[in-house]
Every structure is written in structure tokens, then in C-alpha cells.
There are 2 protein chains.
Amino acid sequence: MAEPNVLDVPWGPRAVTIYDVARHAGVAPSTVSRAFSRPGRVNAATAERIRRVADELGYRANPVARALSTARTNMIAVIILDIANPFYAEIVRGAQAAAAAAGYTVVLADAQESDRLERSALERAVTAVDGIVLASSRMSDSAIRMISKQKPVVVLNRAVVDVPCLVTDNARGARHAAEHLGALGHEHVTYVAGPEASWADGMRWWSLREAAAQLSLRVRRIGPFTPDVRGGVQAAEQFQAQPTSAVVAYNDQLAIGLIRGLAGRGIRVPGDVSVVGFDNIAAANLVTPGLTTVAAPLYTQGVTAARHVLGMIEGGRGRTGQPGVLPVRLVVRDSTAERHRDVRQRRRGPALAASPLAL
Amino acid sequence: MAEPNVLDVPWGPRAVTIYDVARHAGVAPSTVSRAFSRPGRVNAATAERIRRVADELGYRANPVARALSTARTNMIAVIILDIANPFYAEIVRGAQAAAAAAGYTVVLADAQESDRLERSALERAVTAVDGIVLASSRMSDSAIRMISKQKPVVVLNRAVVDVPCLVTDNARGARHAAEHLGALGHEHVTYVAGPEASWADGMRWWSLREAAAQLSLRVRRIGPFTPDVRGGVQAAEQFQAQPTSAVVAYNDQLAIGLIRGLAGRGIRVPGDVSVVGFDNIAAANLVTPGLTTVAAPLYTQGVTAARHVLGMIEGGRGRTGQPGVLPVRLVVRDSTAERHRDVRQRRRGPALAASPLAL
DNA sequence: CAATTCACGGCAACCGATTGCCTCACCGAT
DNA sequence: ATCGGTGAGGCAATCGGTTGCCGTGAATTG
């Protein structure tokens with residue numbers, strides 16, 4: 001009778017609050033609140049009764065109200081550039097696991113590779129969450145520093161002065177790639193570059209160059225290309241103009257696209273050209289040939305980043321000194337092989353034959 | 001002097017509120033609030049002054065406080081089963097675009113294929129967002145109905161009575177696949193099943209069966225398998241015991257894994273076996289051979305779902321009658337071909353030769 | 001036995017924005 | 001001169017928890 005007909009109301013009667021519970025349990029609202037959030041503060045029997053009443057009424061704390069008074073939302077944002085990029089999946093998983101363990105929820109925001117969208121996502125996030133993991137960003141260093149002044153921020157795969165960062169060991173990765181190719185007899189390596197705004201791209205190219213110099217390999221760079229399969233196909237066209245027997249690509253998508261593009265031009269991998277990628281995305285093991293690539297501990301990176309943010313939320317400022325560096329390893333699959341001088345091997349390679357370069 | 005040293009405070013002094021703005025502008029807080037949210041309600045000159053002061057002070061409305069009094073968070077949750085599953089990427093993109101257009105933010109929650117995690121994600125979401133898009137779910141119908149009583153919910157790729165749903169035309173998709181295979185001369189099709197809890201799996205198998213009957217094809221079913229590449233590799237083993245010349249897989253990952261697994265056993269696709277997948281994930285076009293698959297308008301599905309949820313939030317209940325059905329199309333690539341009776345074609349197929357079935 | 005501590009629960013003031021209602025000033029119209 | 005209308009702004013309640021402080025009765029202590 002006093003109960004309104006549930007079917008009439010759009011989405012149920014207004015949710016039950018601590019006030020409802022308090023009334024039914026014959027206590028003050030504050031006691032209800034403490035019964036849940038301050039164990040030991042209220043008498044065990046009372047707490048039990050409150051909990052029972054709350055259960056019967058179907059009470060759920062309103063996180064918005066809680067957030068307003070505590071200034072804690074118990075959420076951290078993970079901002080990724082592109083949800084379609086499998087690279088982020090493991091990072092997100094790791095962050096989610098670490099956050100959940102600490103009672104936090106991860107909200108994911110996808111910037112869709114757009115500076116503008118990233119900004120607006122951040123704009124909202126900064127006021128709505130307790131901390132932020134920027135899993136690679138296209139924004140300027142100073143913009144990131146700005147955000148970092150307002151909320152705990154950890155930046156991934158990029159070094160920003162005065163902001164806690166967590167990067168993978170691109171230098172060592174590039175070195176591994178160079179050594180691997182060198183050991184296979186390659187003497188000339190092309191680097192297929194990703195976005196100019198990418199910090200990782202700079203690191204990878206620079207380190208590859210460095211390593212190549214030490215190993216007496218010659219390197220050159222083509223690009224930039226958009227870091228997806230399409231970009232790789234485009235790269236193939238440009239590569240063909242001046243081919244080399246070995247390629248290191250900014251990431252796996254580029255590498256995969258490149259291999260596709262080469263195949264379309266009758267250039268075989270690894271028969272004619274060896275290709276190394278970066279990131280070890282799931283697809284790297286799906287394509288034919290399997291892609292040799294530099295793998296980073298992505299899950300661990302996610303966990304570490306989230307823990308760090310959480311630490312900054314609870315504690316004080318984070319270490320903003322040197323960026324944390326995560327180890328990498330080279331996963332050797334079938335896209336790299338010994339260099340072949342033997343031209344007979346190339347069955348359908350007129351374009352290559354026309355090239356002045358000896359592969 | 002009165003200003004505390006910014007460097008001393010963990011994350012800036014307490015954010016500036018409408019009260020600060022009001023004081024500096026010499027008006028009441030309510031006027032500040034209206035200046036922003038109720039255009040025309042305050043004098044243009046006053047509004048302008050308030051806006052200027054707010055800018056100078058760096059005022060940003062606190063979404064939590066706003067949400068508390070309006071009972072609107074302006075967020076919708078999109079819950080996906082597995083962030084690593086590329087299938088969801090386009091859906092999320094579409095939902096995000098539609099939400100953004102309406103001034104809403106999408107928060108993504110990844111259930112990691114776990115009923116428990118999905119539940120807890122939902123548990124939190126239900127109180128923290130205005131509406132929910134369940135992009136496929138492993139929960140029970142009744143649990144979903146429960147949630148749907150509390151907040152606007154739209155379910156994707158699954159039909160739940162009394163809850164607004166949006167599915168792709170699995171029946172037609174299965175028919176297309178069957179017709180395509182039939183036209184290529186295949187007479188016996190194996191369905192490689194996905195999770196039993198998947199509504200889509202049931203639909204696909206059932207419809208395939210139906211279509212096959214009409215086309216006088218014989219079908220059988222193996223599985224269930226986990227809907228990832230690994231599952232597909234396992235399926236290959238089981239398939240080999242009783243091979244057929246054509247296969248329809250629950251989704252692309254399974255199809256890709258199956259092709260891998262078959263290749264490892266010397267069975268070639270499409271030479272020996274034709275394979276059709278579902279979903280048309282990005283990788284379907286990356287693998288070799290390119291995967292023939294049933295494609296659905298995923299982006300559109302995301303847009304539609306979000307619009308629907310938004311409509312329910314603003315308006316009343318949603319239509320819960322028949323589920324909306326989105327059209328599909330068959331993308332023919334290289335994993336399907338004419339059936340070969342010719343055994344010479346199989347160079348390394350002893351296992352197949354041992355089979356009693358004529359392919 | 002008096003003094004003090006302690007456990008337990010209630011009161012009420014927040015958190016920051018929104019909004020219904022009221023007041024006041026000023027307008028033209030009667 | 002009076003009245004109704006209207007534009008502009010302020011007051012204060014409200015959303016639902018949280019938490020500092022206080023009061024009470026009981027237990028502990030010297």
C-alpha cells in the first residue's frame with residue numbers, strides 16, 4: 001500500500017539510502033555509515049543488525065555521495081590511444097588487476113589517436129578520478145606536466161621531466177634486434193618509423209642507430225608512417241625504392257603491413273628480407289610468417305603503473321626522478337633468417353633485381 | 001601571502017568551487033551555477049563577468065557534486081568480456097562517438113571473460129553511471145533482467161526477454177555461409193562451437209543447421225572451445241578425427257586457430273578444407289590465407305546501442321519487444337574454395353587419407 | 001567509593017553543485 | 001497612484017554519505 005508499484009516507476013523507486021536503513025534498524029544514519037566503513041567502531045551486535053537490515057532492503061552505498069564527502073572516487077583512469085591497438089590490452093589487464101586488488105576501479109578512455117579527444121578525455125578524467133595512467137600520449141610534455149600537477153599521473157612509454165614515467169627498455173630492444181640481424185649476416189638495416197610525436201619511435205630509431213654503429217651495420221630510416229597495418233603497406237612501397245636485406249619496424253602492425261606489402265610485390269619474408277617488429281602483440285604469432293619482435297612485459301607494466309598511481313594517491317608525490325625501465329626480450333619467430341645473396345631464391349622478384357643494392 | 005605555496009601541497013590547493021567564484025565576482029553561488037547551466041537566466045553582463053572570473057581562477061565544475069544533486073553522472077558504461085578481443089573495438093568506438101555527441105562519457109569495463117568480474121564490474125557500474133551497454137555477457141538472463149530494472153541497459157548479441165537487445169543477424173549470416181560453401185560444392189560442414197554460455201553460439205549453430213537442411217548439406221558440430229586462437233588449435237585436433245571439406249567456426253579467432261592447427265597437421269586451407277569465420281575482426285584480413293567471414297556492422301551496433309541507452313535515460317523505458325537486428329554480409333577472402341575431390345592435391349595429408357570420410 | 005577512562009551511539013556540519021521559491025526593482029498600463 | 005508583470009539575483013534546502021565532537025552509561029582504576 002505504502003509501497004509504490006514498482007512497474008509504474010521508470011527505474012525502481014529511489015535507491016535505498018543509509019537513512020532508510022537507519023530508520024528500519026532504529027539507529028542514526030551515522031551509525032549505519034560507520035557500521036560499513038569503520039569496522040570495530042560500532043558494537044558487533046548492532047553492526048550485525050544493521051547489516052541484516054541493509055541486506056533486506058537491498059542497500060547499496062551511493063559511490064557518488066561517498067566521493068563527494070571523501071574527495072575520493074576510488075577510480076583511476078587508464079587512457080589509451082586506440083582501443084583497437086592490441087598493444088594496450090595487456091597493460092590494461094595488469095592495471096585492472098592491480099587496481100582491483102586495492103579496491104579501485106579502472107575506467108578506460110580511448111583517445112582514438114586524436115590529440116583533441118585525448119585532451120577532452122583527460123579534462124573529464126582529471127576531476128572525476130583519483131589518478132591517471134597515461135598509456136602513451138600524443139600530448140605535449142608541458143600539457144602532461146600540467147595535468148600531473150593536479151592529480152597523480154604516471155606516463156607509460158615516454159619520458160616526461162618531472163612526471164613519473166615507466167618505459168620499456170627500447171635501447172636494449174633495438175640492440176637485441178640489431179645483434180640478431182647482424183648475427184644472421186645482414187649488413188644493412190632499414191628502420192620503418194612510426195609517428196613523429198611518439199617518444200618510443202625516437203628512442204627506437206636512435207638506439208638502433210647507436211647499436212648499428214657499434215656492430216658496423218649500416219642503417220637508414222624511412223617514414224613516418226601511421227602505426228597500423230595500412231601504414232606498413234605504404235612503407236613497403238617506399239622501401240622497395242631502396243631495399244635492404246633487413247628491416248626493423250616501429251611496431252608489429254607496421255611490420256605486418258610491411259610484410260603484406262612486400263608479398264604483394266613478390267618480395268618474400270624472410271627469404272628476401274628479414275623483418276623485426278616491436279611489442280609482440282598477439283597477432284605477431286598469428287601471421288605467416290610468425291613475426292620476430294621485441295617483447296616487453298606489458299602486463300607487468302600495467303601492474304606497476306597502477307601501483308605507482310595508487311601509491312601517489314595514498315602517499316605523497318611519486319618519484320619523478322629517473323623513469324622506471326622495464327626489461328625486454330627478443331622473440332625470434334620466422335620473419336628473420338640468414339641473409340641470402342643467392343638471387344636464384346627470388347622467384348618473382350623483378351623489382352628487387354632492378355635495385356642497385358645488393359641484398 | 002594568503003596564498004599557500006603550491007609546491008607544498010600534494011596536488012594543488014583544494015580545487016576552486018562556485019563559492020570561490022561567487023566571492024570574487026560578488027554574486028551568490030547560485031548565480032554562478034546558473035551562469036553556466038542556465039543560459040539566459042542571468043543577466044548577460046553578469047554572466048560574462050562570472051565567466052571571466054571563473055576563467056581566471058581556473059574553475060572547473062566538480063562532476064561528483066553535480067552528479068549528487070542531479071542524480072546524473074553523464075556517463076554510460078560499456079561492459080566487454082575481454083579487452084583483448086578485437087571484436088569489441090568497433091562497438092566501443094561507435095558507442096563512444098554516440099555518447100560524446102550527447103555529452104556523455106563512456107567508461108569501459110573489462111570482465112576478462114569471468115562471470116565474477118563481470119558481476120562486480122556491473123555492481124559498481126550500476127550505481128555510478130546512468131546507463132549500461134552490455135556488449136555480450138556471460139551472466140544469466142535473470143541477473144541481467146535484475147540489473148535492467150535498476151538502470152537503463154541494452155544488451156548486445158544476445159536476446160534477453162524484457163530487456164532491450166540489439167543483435168546481429170546470425171541466422172542470415174549462417175545461411176550466407178552455408179550457401180557460399182554449398183555453391184563451392186561442399187556437402188558436409190563442421191561447425192566449430194564457441195562457449196556454451198554464448199547466446200550467439202547457439203544461434204549460429206542452430207541457424208547453420210537449419211540452412212544446411214534446406215540446402216541438403218550435412219552438418220555436425222564439435223566443441224565447445226574457448227573462443228580464441230588456442231581454442232581453434234585444439235579444435236583442429238578434434239576435427240582431424242572426422243574431417244569434412246568445409247568448416248564454419250563460431251568466430252574468427254577460432255577459425256584462425258583452426259587454420260593454424262590444420263596447417264601443423266599438413267592440411268591446407270583452402271586446398272583441403274574451406275573455413276568460414278564470424279565477426280570479421282581486423283586480423284581476419286591479416287592472416288594467410290585471408291579469412292572468409294560473416295561481417296556485422298559493429299560500429300553501427302555501438303552507435304545504436306548507445307543511442308538507445310541515452311534515449312532510455314532521457315525518456316522512459318526502452319522498447320523491450322523484439323530485439324533489434326542488424327544486417328550482416330559475407331566477406332569472401334581466400335580461406336574458402338571449391339571442394340577438391342582430387343587427392344593428389346594433398347601433399348602431406350596422411351591423417352586425412354586415413355579418414356573414412358571422402359572430403 | 002570517587003575518579004577516570006572507554007565503548008557506543010547521536011548530532012550536526014560538512015563536501016559542491018542544483019533548484020524551488022522568494023524578494024526586490026523597475027517597467028508600462030490602467 | 002496603484003497594480004500586475006517580469007527580469008535578475010539571493011536564500012536555503014537538498015542529494016547521500018562521512019566524520020569531528022559530544023553525551024551517556026558502564027567498566028576500570030586508585
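Here is how names work: the chains are called A, B, and so on, in the same order as the sequence lines, proteins then strands, and each is numbered from 1.
- Considering only the side chain of B:N43, D:dA8 comes nearest among C:dG16, D:dA8, C:dC15.
- Taking atom CG of residue A:N74 and atom C1' of nucleotide D:dT18, one finds them 14 Å apart after rounding to whole Å.
- Scanning all heavy atoms of the two residues, the minimum distance from B:Y299 to B:A97 falls at OH-CB, 3.3 Å.
- Heavy atoms of B:V27 sit under 4.0 angstrom from primed sugar atoms or phosphate atoms, though from no base atom.
- In this structure, a donor-acceptor pair under 3.5 Å is present between the side chains of A:T73 and A:D130.
- In this structure, of C:dA17, D:dT18, C:dG9, it is C:dA17 that holds the atom nearest to the side chain of B:Y59.
- In this structure, the CD1 atom of B:I18 is 13 Å from the C1' atom of D:dT14, given to the nearest Å.
- Across all their heavy atoms, B:I313 and B:P152 have their closest contact at CG1-CG, 3.9 Å.
- Applying the 3.5 Å distance criterion, the base of D:dG9 shares no donor-acceptor pair with the side chain of B:R49.
- Side chains of A:T17 and A:Y59: no donor on one and acceptor on the other come within 3.5 Å.
- Using a 4.0 Å cut-off between charged side-chain N and carboxylate O, B:D55 and B:R51 make no salt bridge.
- Side-chain atoms of B:S30 come within donor-acceptor range of the base of D:dC11, with a qualifying N/O pair under 3.5 Å.
- Among the atoms of the strands shown, only primed sugar atoms or phosphate atoms (P, OP1, OP2) are found under 4.0 Å from some heavy atom of A:R60.
- A residue-by-residue look at B:P29 and B:S69 shows that B:P29 has its nearest nucleotide of DNA chain D further toward the 5' end.
- D:dG16 atom P lies 12 Å from atom CZ of A:R23, rounded to whole Å.
- Closest contact between the side chain of A:L68 and the listed nucleotides C:dG9, D:dT18, D:dG16 involves D:dG16.
- Counting any heavy atom pair closer than 4.0 Å across all strands shown, B:A61 reaches sugar-phosphate atoms only and no base atom.
- Within a 6.0 Å sphere centred on CZ of B:R60, other residues, nucleotides and ligands contribute 12 heavy atoms or fewer.
- For B:S33, whose side chain is taken as the heavy atoms from C-beta onward, the closest listed nucleotide among D:dT19, C:dG10, C:dT18 is C:dT18.
- Considering only side-chain atoms of B:Y19, the nucleotide from C:dA17, C:dT19, C:dC15 that sits closest is C:dA17.
- Using a 4.0 Å cut-off between charged nitrogen and carboxylate oxygen, B:D82 and A:R93 count as a salt-bridge pair.
- For B:T70, counting side-chain heavy atoms from C-beta on, the closest listed nucleotide (C:dT18, D:dG10, D:dT18) is C:dT18.
- With hydrogens and angles ignored, a donor-acceptor pair under 3.5 angstrom links the side chain of B:R41 to the base of D:dG9.
- Annotation: the terminal axes of the helix from C:dC1-D:dG30 to C:dT30-D:dA1 meet at 50°, where each axis is the rotation carrying the C1' atoms of four end pairs onto the next four (5 pairs per end, rounded to 10°).
- Between B:R52 and B:E48 there is no salt bridge, since no side-chain N of the basic residue sits under 4.0 Å from a carboxylate O of the acidic one.
- The distance from atom CZ of B:R34 to atom C1' of D:dA12 is 12 Å, rounded to the nearest whole Å.
- When the nucleotides D:dT18, C:dA17, C:dG9 are ranked by their closest atom to the side chain of B:T17, C:dA17 comes out on top.
- Between the CZ atom of B:R66 and the P atom of D:dG16 there is a distance of 18 Å, given to the nearest Å.
- Not a single donor-acceptor pair, N or O on each side, falls under 3.5 Å between the base of D:dG7 and the side chain of B:R38.
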